[in-house]
Amino acid sequence: DSGVTQTPKHLITATGQRVTLRCSPRSGDLSVYWYQQSLDQGLQFLIQYYNGEERAKGNILERFSAQQFPDLHSELNLSSLELGDSALYFCASSVDGGTNYNEQFFGPGTRLTVL
Amino acid sequence: AQSVTQLGSHVSVSEGALVLLRCNYSSSVPPYLFWYVQYPNQGLQLLLKYTSAATLVKGINGFEAEFKKSETSFHLTKPSAHMSDAAEYFCAVSSSRGYNKLIFGAGTRLAVHP
């Protein structure tokens with residue numbers, strides 16, 4: 001158990017819908033990262049938040065957005081869903097924002113299926 | 001820009017045999033390098049990391065990896081495979097300067113047979 005929690009574990013929805021994935025980082029970690037794992041794209045970095053502020057952006061679609069709240073939990077919002085958005089979405093957390101390396105601890109993931 | 005190439009999407013070994021999973025990286029700045037393991041229906045667990053200290057890095061579960069700058073490689077080895085090592089393994093790189101988002105390779109699925 002990494003200490004990172006993600007809910008829900010599974011999510012099945014229809015095209016065009018909007019969903020919210022939730023992540024709670026390890027106690028004391030200030031950074032949250034979101035990754036997408038799909039069969040065709042592999043594991044891709046989406047976005048990072050550090051202490052409530054966006055720190056880095058990767059291959060995140062405009063239909064996707066994220067935020068980190070004052071209690072440091074984070075939500076990833078996916079809208080106008082398409083079949084190709086079906087994937088495993090991981091959240092990871094680390095102590096700092098990346099100026100010095102700290103290990104990223106990964107949650108168990110949320111499996112999103114878009115029908 | 002940074003990238004990772006893992007040679008061999010599937011590797012199969014016998015129990016007790018040497019495990020060798022290959023990883024080559026590209027980075028314009030000194031890299032940090034990692035190996036993660038993913039068991040079925042689970043998240044990623046860090047096996048080991050290279051962060052510019054010793055070039056031979058020992059990790060959990062008997063795995064180790066050697067950073068070779070001249071070959072831009074960071075291959076993962078284990079002297080004797082165990083059935084429980086069957087999983088998917090990911091090599092990843094991040095920059096030692098600034099933000100530490102991870103860039104992952106495509107992964108190598110390791111099968112261990114009796």
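A, B, ... follow the sequence lines: proteins, then strands. Residue 1 opens every chain.
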With a cut-off of 6.0 Å (strictly less than), are more than 12 heavy atoms of other residues, nucleotides or ligands near CG of A:Leu39? no

Counting only heavy atoms not in A:Arg26, do more than 12 sit closer than 6.0 Å to its CZ atom? yes

Starting from A:Tyr89, can I reach B:Tyr39 by hopping between I/L/V/M/F/W/Y residues whose side chains sit under 4.5 Å apart? no

So what's closer than 4.5 Å to chain B heavy atoms on A:Phe105: side chain, backbone, both or neither? neither

Begin with the C-alpha distance, continue with both residues' side-chain angles, and end with the deciding distance and a verdict on side-chain contact (heavy atoms from CB on, under 4.5 Å) for A:Tyr35 and B:Leu102. CA-CA 9 Å; A:Tyr35 294 86; B:Leu102 293 170; 3.4 Å; yes

First locate atom CZ of B:Phe34, then atom CD of A:Gln104, and finally report the distance between them rounded to the nearest 0.5 Å. 7.5 Å

Would A:Val4 and A:Phe90 show up in the same hydrophobic cluster when neighbours are defined by side-chain heavy atoms closer than 4.5 Å? no

What distance separates B:Asn41 CG from A:Lys9 NZ, expressed to the nearest 0.5 Å? 7.0 Å

With only heavy atoms counted, which part of B:Gln45 is less than 4.5 Å from chain A, the side chain, the backbone, both or neither? neither

Region of A:Leu88 in contact with chain B, defined by heavy-atom distances below 4.5 Å: side chain

Between B:Ile103 and B:Leu76, is there shared hydrophobic-cluster membership here, with clusters defined by ILVMFWY side-chain heavy atoms closer than 4.5 Å? yes

So how far is it from A:Glu103 CD to B:Tyr36 OH, rounded to the nearest 0.5 Å? 5.5 Å

Measuring heavy-atom distances to chain B, does A:Gln6 have an atom under 4.5 Å in its side chain, in its backbone, in both, or in neither? neither

Would B:Tyr32 end up clustered with A:Phe106 when hydrophobic side chains under 4.5 Å apart are linked, directly or stepwise? yes

Under 4.5 Å between side-chain heavy atoms, counting indirect links through other Ile/Leu/Val/Met/Phe/Trp/Tyr residues: same cluster for B:Leu46 and B:Val57 or not? no

Heavy-atom pair count under 4.5 Å with chain B, highest-scoring of A:Gln37, A:Arg111, A:Gln41: A:Gln37

